[in-house]
Trainee: 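Handing you a structure now.
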Amino acid sequence: VLGVDYRYLMVDRKSRIAVVAIHGGGIEGGSGDVADGLANVEWSLYKFEGIKPSGNSALHIESTDFDEPSLVWLLRQTPRVVTIHGTSGTSEATFVGGLDTFMRDRVIKSLAGAGFVASVATGDISGTEPDNVTNLGTNGAGVQVEITTTQRAAFFTVNTAAGRPVTRPALFPSYVAALRSAIDLTSIVQGF
């Protein structure tokens, strides 16, 4: 039920970049917060968030099946799409995929340069399916950022829905700045 089990937010800033988190809130905790930080007040933002007291994993919709109409509309207006996801993992790491291999490699380099562990995503988190929301922007290729559970937990002193927005140690803005730097530079180089 909308407003009880889940909510979504779409902010069209008429930008050439859309930051998307379709597994926000309690689905993949922290992914929506990273998307918020990355979009800031400059880039368009879409978040789908699980807000149930528990059991939010039931709201996980695969990236190739997610077709909420306001997101579909936003993607049809935007050349560059960056999706933020969570993946399991007991070490602090980020796996970067998507069909935009140029930006993917820049994101990995930027994160590594800021002291984070980052590598190319493979297998079912590679984000290389053409019908993945990551790749549905007008240029047909985006970047999918998969952040491990352990890395996301390190971003917040209190890793709860209420605590995440207000307990962000220096690691969180450093991570977001590294992502933003890579995406900004890629957009300039490729003319998006």
Side-chain angles (χ1 to χ4, degrees), residues 1-2 5-36 38-39 43-51 56-89 93-108 111 118-149 151-152 179-180 182-183 186-187 189-192:
V1 175
L2 178 62
D5 300 314
Y6 71 93
R7 65 183 172 214
Y8 64 89
L9 169 72
M10 192 271 288
V11 181
D12 178 17
R13 295 189 172 113
K14 309 290 185 222
S15 63
R16 300 189 60 76
I17 298 169
V19 180
V20 175
I22 63 170
H23 302 138
I27 303 171
E28 293 173 350
S31 62
D33 300 272
V34 172
D36 274 336
L38 183 58
W43 296 338
S44 295
L45 173 68
Y46 178 92
K47 295 188 309 179
F48 181 92
E49 299 178 309
I51 57 172
N56 285 286
S57 61
L59 299 170
H60 186 283
I61 300 169
E62 294 296 324
S63 297
T64 53
D65 296 327
F66 197 92
D67 61 357
E68 193 280 312
S70 61
L71 174 60
V72 172
W73 179 87
L74 181 63
L75 297 178
R76 289 182 180 155
Q77 318 304 312
T78 311
R80 170 147 283 138
V81 177
V82 178
T83 59
I84 307 296
H85 294 268
T87 189
S88 60
T94 301
F95 304 99
V96 187
L99 290 176
D100 187 337
T101 56
F102 183 81
M103 185 164 59
R104 176 200 70 196
D105 293 346
R106 284 199 168 283
V107 167
I108 292 168
L111 286 172
S119 60
V120 174
T122 59
D124 62 353
I125 62 168
S126 67
T128 54
E129 306 88 352
D131 58 347
N132 183 312
V133 296
T134 301
N135 302 312
L136 294 181
T138 60
N139 75 347
V143 167
Q144 180 167 297
V145 179
E146 295 273 356
I147 310 166
T148 64
T149 305
Q151 180 67 78
R152 284 178 283 128
L179 280 177
R180 180 169 267 279
I183 295 161
T186 302
S187 297
V189 169
Q190 292 186 331
F192 283 102

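Keep in mind that this is a model prediction, so the values were computed, not measured.
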Trainee: Going by atom types only, do Arg104 and Thr101 share a side-chain donor-acceptor pair under 3.5 Å?
Mentor: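 Per modelled atom types, Arg104 and Thr101 side chains form no pair under 3.5 Å.
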
Trainee: So among Thr138, Asn135, Val133, which one has a side chain to side chain contact (heavy atoms under 4.5 Å, CB included) with Leu75?
Mentor: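 Looking at Thr138, Asn135, Val133, the match for Leu75 under the side chain to side chain contact (heavy atoms under 4.5 Å, CB included) is Val133.
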
Trainee: Taking side chain as C-beta onward, heavy atoms only, is Asp5 less than 4.5 Å from Ile51?
Mentor: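 No, side chains not in contact.
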
Trainee: With side-chain contact (heavy atoms from CB on, under 4.5 Å) as the test, would you mind laying out the steps for Lys47 and Asp36 before giving the verdict?
Mentor: CA-CA 9 Å; Lys47 295 188 309 179; Asp36 274 336; 2.8 Å; yes

Trainee: Determine whether Leu9 and Glu49 make a side-chain contact, defined as any pair of heavy atoms from C-beta on separated by less than 4.5 Å.
Mentor: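 Side-chain contact under 4.5 Å: no.
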
Trainee: Could you state the interatomic distance from CD1 (Ile84) to CD (Glu28), rounded to the nearest 0.5 Å?
Mentor: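 These two atoms lie 11.0 Å from each other.
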
Trainee: What pair of heavy atoms forms the shortest contact from Thr94 to Leu111, and how long is it?
Mentor: CG2-CD1, 3.9 Å

Trainee: State, yes or no, whether a side-chain contact exists between Val96 and Ser119 at a heavy-atom distance under 4.5 Å.
Mentor: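 Answer no - side chains too far apart.
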
Trainee: Within 45 degrees of the axis of the six-membered ring of Trp43 and under 6.0 Å from its centre: does Arg180 put its NZ or CZ there?
Mentor: yes

Trainee: Let me have the donor-acceptor pairs involving side chains of residues 121-129, under 3.5 Å, with sequence neighbours excluded, atom names and distances please.
Mentor:
from: Ser126; atom 1: OG; to: Gly123; atom 2: O; distance (Å): 3.1
from: Ser126; atom 1: OG; to: Thr128; atom 2: OG1; distance (Å): 3.0
from: Glu129; atom 1: OE1; to: Asn132; atom 2: ND2; distance (Å): 3.3

Trainee: Find the distance between OH (Tyr46) and CG (Leu71) and round it off to the nearest 0.5 Å.
Mentor: 5.5 Å

Trainee: Distance from Leu59 atom CG to Ile27 atom CD1, nearest 0.5 Å?
Mentor: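 Atom-to-atom, Leu59:CG and Ile27:CD1 are 5.0 Å apart.
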
Trainee: Using 30° and 60° as the class limits, which term best fits the ring planes of Phe48 and Phe66: parallel, tilted or perpendicular?
Mentor: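 The arrangement is perpendicular - the two ring planes meet at more than 60°.
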
Trainee: Measuring from atom CG of Leu136 to atom CG of Asp131, what distance do you get when rounded to the nearest 0.5 angstrom?
Mentor: 7.0 Å

Trainee: Can you see which heavy atom on Ala18 is nearest to which on Leu74, and at what distance?
Mentor: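 Looking at all heavy atoms of both residues, the shortest contact is CB-CD2, 4.2 Å.
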
Trainee: Arg80 vs Asp100, test: salt bridge (Lys or Arg N to Asp or Glu O under 4.0 Å). Steps then yes/no.
Mentor: CA-CA 9 Å; Arg80 170 147 283 138; Asp100 187 337; 2.7 Å; yes

Trainee: When you compare the side chains of Ser70 and Glu68, does any donor N or O come within less than 3.5 Å of an acceptor on the partner?
Mentor: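 Looking only at side-chain atoms, Glu68 and Ser70 do form a donor-acceptor pair, the distance falling under 3.5 Å.
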
Trainee: Are the side chains of Thr83 and Val145 in contact, using a 4.5 Å heavy-atom criterion?
Mentor: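 Side chain of Val145 against side chain of Thr83, heavy atoms only: no contact under 4.5 Å found.
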
Trainee: Indicate whether the side chain of Thr87 and that of Thr148 have a donor and an acceptor atom separated by less than 3.5 Å.
Mentor: no

Trainee: Report yes if some heavy atom in the side chain of Asp12 is under 4.5 Å from a heavy atom in the side chain of Trp73; otherwise report no.
Mentor: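 A side-chain contact exists here, since the closest heavy-atom pair is under 4.5 Å.
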
Trainee: Mind checking whether Val20 and Val81 have side chains closer than 4.5 Å, heavy atoms only?
Mentor: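 Counting from C-beta outward, Val20 and Val81 do come under 4.5 Å.
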
Trainee: Please find the pair of heavy atoms, one from His85 and one from Ser63, that lie closest to each other, and give the distance.
Mentor: CE1-OG, 3.2 Å

Trainee: Considering all heavy atoms of both residues, which atom of Ala21 and which atom of Ser31 are nearest to each other, and what is their separation?
Mentor: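 Reported closest heavy-atom pair: CB-O, 3.9 Å.
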
Trainee: Is it the case that Ser15 and Ser44 place a side-chain donor and acceptor less than 3.5 Å from each other?
Mentor: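 Per modelled atom types, Ser15 and Ser44 side chains form a pair under 3.5 Å.
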
Trainee: Would you say Lys14 and Gln77 make side-chain contact, with heavy atoms under 4.5 Å?
Mentor: no

Trainee: Could you check whether any side-chain heavy atom of Val82 comes within less than 4.5 Å of a side-chain heavy atom of Leu38, counting everything from C-beta outward?
Mentor: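 Result yes, sub-4.5 Å side-chain heavy-atom pair found.
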
